[in-house]
Amino acid sequence: MERKFKVGVLGATGMVGQRFISLLENHPWYEVTTVAASPRSAGKTYEEAVGGRWKMSTPMPEGVKKLQVMNVNEVEKVASGVDFVFSAVDMSKDEIKAIEEAYAKTETPVVSNNSAHRWTPDVPMVVPEINPEHFQVIPFQRKRLGTKKGFVAVKPNCSIQSYAPVLTAWKEFEPYEVVATTYQAISGAGKTFKDWPEMEGNIIPYIGGEEEKSEQEPLRIWGKIEDGVIVKAQEPKITCQCVRVPVLNGHTAAVFVKFRKQPTKEQLIEKLNSFSGLPQELKLPSAPKQFIRYMEEDNRPQVALDVDVENGMGISVGRLREDSIYDWKFIGLSHNTVRGAAGGAVLCAELLTAQGYIEHK
């Protein structure tokens, strides 16, 4: 790539914003040239605005420390210096919808980690290995927004990453009923143990809005484009419980599946290990070489050992066995702030760039 794309991060001081900053350090295609956050951070350097709240395990990249934080609400000003933006703003759903569309209308593509636009009918919600064809809805969205280059694309909720790819790999066996329980890390709430000491040694059996997302969002990524909008799939039916557990990073899922066709264990494992998609074919910079790996050991996958597989972009699966009520059951693990949040959005941006949806201004 002759020159790097100039990238802005909206909501740059929060946990997911920090993860974007951290993942984009030394990216071969992208350079963070603009950071934007709430008016209270505007005017400070990024280092000053974040202060002691840097939550990543790696140091703050030198390249962003002295960048002056811009006011995220000054849309034209922020957009003028970048080719596209990643969005991790912390606002109400209606405010997020409005501000992301405002950026798109400046002819600035928006790749969002937020949930606000996940059900906007002409906004693609994509896991690049699963439904890259949903980006084909973008021309319909541009027509609605009145843009030539601007659009909004989103990635789905972090909770579904540890089981939706698995069910996708098994599609030919026609899974039709799924029960999933997710055990979700505290970083999914933007917290560390320092921020949330009451989570140590504790489990909270409720995460607001999470169960509906976990049941419905996979159906949207398996849906089809019809008349310029994405229509969700009807199966498999999924019921879910979401539990907050005392883990920093890594969402684990315990999943039970019924199939219309009866696969063998060997067939199921082979489908997982061989599953790949466009990111692997195109060798995108953030793409894991092996998207899903199956682990034979009875005590794997484990958060402590496996959450960072493929730089946090891979899915680990284990304990696949026949069930006495359902057909099969398994455990899945994914990194919630890498594959499930910022990393998943970066991979979406890479695919959008490779396909010509994101261009230099």
Side-chain heavy atoms of Thr252 within contact of Val247, under 4.5 Å: no
With a 6.0 Å cut-off (strictly less than), is the heavy-atom count around NZ of Lys77, excluding the residue itself, greater than 12? no
Mind checking the OG-NZ spacing from Ser115 to Lys93? Nearest 0.5 Å is all I need. 3.5 Å
Is it true that the side chains of Ser159 and Asn157 contain a donor and an acceptor less than 3.5 Å apart? yes
Applying side-chain hydrogen bond (donor to acceptor under 3.5 Å, both in side chains) to Ser334 and Arg339, what does each step give before you reach the verdict? CA-CA 7 Å; Ser334 62; Arg339 168 57 77 164; over 6 Å; no
Under a 3.5 Å distance rule, please check whether Ser41 uses its side chain to pair with a backbone N or O of Ala37 as donor and acceptor. no
Which residues, ordered by chain and number, are linked to Trp196 in its hydrophobic cluster, where ILVMFWY side chains connect at heavy-atom gaps below 4.5 Å, directly or through other members? Ile186, Phe193, Met199, Ile204, Leu248
Would you please name every residue forming a salt bridge (charged side-chain N to carboxylate O under 4.0 Å, His left out) with Lys65, sequence neighbours left out? Glu62
Starting from Leu23, can I reach Val309 by hopping between I/L/V/M/F/W/Y residues whose side chains sit under 4.5 Å apart? no
I need the minimum non-hydrogen distance between Tyr294 and Arg319, along with the two atoms involved. OH-N, 3.5 Å
Consider only side-chain heavy atoms of I, L, V, M, F, W and Y, link residues closer than 4.5 Å, and tell whether Val338 and Val154 are in one cluster. no
For the residue pair Gln161 and His335, confirm or rule out a side-chain donor-acceptor distance under 3.5 Å. no
When you check the side-chain N and O atoms of Gln216 and Lys232, is any donor under 3.5 Å from an acceptor? yes
Taking all heavy atoms of Ile203 and all of Pro246, pick out the closest pair and write down the distance. CG1-CD, 4.1 Å
Output the distance between atom CD (Glu48) and atom OH (Tyr46), rounded to the nearest 0.5 Å. 13.0 Å
Donor-acceptor pair, distance only, cut-off 3.5 Å: does the side chain of His134 make one with the backbone of Gly223? yes
My understanding is that only residues two or more places apart in sequence, or in another chain, count here; which of them pass salt bridge (charged side-chain N to carboxylate O under 4.0 Å, His left out) with Glu359? none
Starting from Val231 and following side-chain heavy-atom contacts under 4.5 Å between hydrophobic residues (I, L, V, M, F, W, Y), which residues can be reached? Val229
Trace of the salt bridge (charged side-chain N to carboxylate O under 4.0 Å, His left out) decision for Arg144 with Glu101: CA-CA 11 Å; Arg144 172 175 66 84; Glu101 288 199 352; 3.1 Å; yes
Same cluster for Val75 and Val89 if Ile/Leu/Val/Met/Phe/Trp/Tyr side chains link at under 4.5 Å? yes
Connecting only ILVMFWY residues whose side-chain heavy atoms lie within less than 4.5 Å of each other, what is the rest of Ile230's hydrophobic cluster? Val137, Phe140, Ile225
Among Thr108, Thr106, Asp83, find the residue that satisfies the side chain to side chain donor-acceptor pair (under 3.5 Å) test when tested with Lys361. Thr108
Check whether more than 12 heavy atoms from other residues, nucleotides or ligands sit under 6.0 Å from atom CZ of Arg40, and answer yes or no. no
Judged by atom type as modelled, is there a donor-acceptor pair below 3.5 Å linking the side chain of Gln68 to the main-chain atoms of Lys44? no
Got a sec, which residues hit ring-ring contact (aromatic ring centres under 6.0 Å, His included) with Trp170, two or more places apart in sequence or on another chain? Phe259, Phe330
Counting only N and O atoms by type, is there a donor-acceptor contact under 3.5 Å from the side chain of Glu211 to the main-chain atoms of Gln241? no
What is the minimum heavy-atom distance between Met15 and Thr192, and which atoms define it? CE-CG2, 3.9 Å
Would you say Lys6 has more than 12 foreign heavy atoms packed within less than 6.0 Å of its NZ? no
Polar side-chain atom of Glu217 near backbone of Ile160 as donor-acceptor pair, under 3.5 Å: no
Closest non-hydrogen contact found for Gly190 with Lys55 is O-NZ, 2.8 Å
Rounded at 0.5 Å granularity, tell me how far CG in Asn249 sits from OG in Ser57. 8.0 Å
Whether Asn336 side chain and Cys158 backbone form a donor-acceptor pair below 3.5 Å: no
What are the two closest heavy atoms between Pro236 and Leu219, and how far apart are they? O-CD2, 3.3 Å
Hydrophobic clusters join Ile, Leu, Val, Met, Phe, Trp and Tyr when side-chain heavy atoms are under 4.5 Å apart, directly or via other members; which others share one with Leu305? none
Please name all residues satisfying salt bridge (charged side-chain N to carboxylate O under 4.0 Å, His left out) with Lys271, sequence neighbours left out, ordered by chain then number. Glu172
Show me the side-chain donor-acceptor pairs of residues 173-183 shorter than 3.5 Å, one per line, residues at least two apart or across chains.
{"from": "Glu174", "atom 1": "OE2", "to": "Lys261", "atom 2": "NZ", "distance (Å)": "3.4"}
{"from": "Glu177", "atom 1": "OE2", "to": "Tyr326", "atom 2": "OH", "distance (Å)": "2.8"}
{"from": "Thr182", "atom 1": "OG1", "to": "Gln184", "atom 2": "OE1", "distance (Å)": "2.7"}

Give the cluster check for Tyr357 versus Trp29: same hydrophobic cluster or not, with ILVMFWY residues linked at side-chain heavy-atom distances below 4.5 Å. yes
Check whether Thr353 reaches the backbone of Ala349 with its side chain - one donor and one acceptor, N or O, closer than 3.5 Å. yes
Distance check, rounded to the nearest 0.5 Å: Asp122 atom CG versus Lys143 atom NZ? 11.5 Å
Residue set satisfying salt bridge (charged side-chain N to carboxylate O under 4.0 Å, His left out) with Lys329, at least two apart, ordered chain then number -> Asp323
Let me confirm one number: the SG-CD distance from Cys240 to Glu212, rounded to the nearest 0.5 Å. 12.0 Å
Single-linkage hydrophobic cluster Ile221~Val123, side-chain heavy atoms < 4.5 angstrom: yes
Counting heavy atoms not belonging to Glu235, are there more than 12 under 6.0 Å from its CD? yes
So for atom CG, which belongs to Asp327, do other residues, nucleotides or ligands contribute more than 12 heavy atoms lying within a distance under 6.0 Å? yes
Distance-only, no hydrogens or angles: does the His251 side chain make a donor-acceptor pair with backbone N or O of Ala185 under 3.5 Å? yes
Check for a donor-acceptor pair, side chain of Asn311 on one end and backbone N or O of Ser286 on the other, with a separation under 3.5 Å. no
Minimum-distance pair of heavy atoms, taken over all atoms of Glu107 and Pro109: O-CD, 3.6 Å
How many angstroms lie between atom CD of Gln302 and atom CD of Glu297, to the nearest 0.5 angstrom? 9.0 Å
Taking the side chain as C-beta and beyond, is there a heavy-atom pair between Leu351 and Leu278 under 4.5 Å? yes
For the residue pair Glu310 and Gln290, confirm or rule out a side-chain donor-acceptor distance under 3.5 Å. no
Any donor-acceptor N or O pair under 3.5 Å, side chains Glu270, Ser274: yes
According to the side chain to side chain donor-acceptor pair (under 3.5 Å) rule, which pairs have a member within residues 145-156, sequence neighbours left out? Asn113-Lys155
If you look only at pairs with a residue in residues 68-88, which of them pass as a ring-ring contact (aromatic ring centres under 6.0 Å, His included), with sequence neighbours excluded? Phe20-Phe86, Tyr30-Phe84, Phe84-Phe86
More than 12 heavy atoms of other residues, nucleotides or ligands under 6.0 Å from CG of Asn299: yes or no? yes
Between Asp306 (side chain) and Val303 (backbone), is there a donor-acceptor pair under 3.5 Å? no
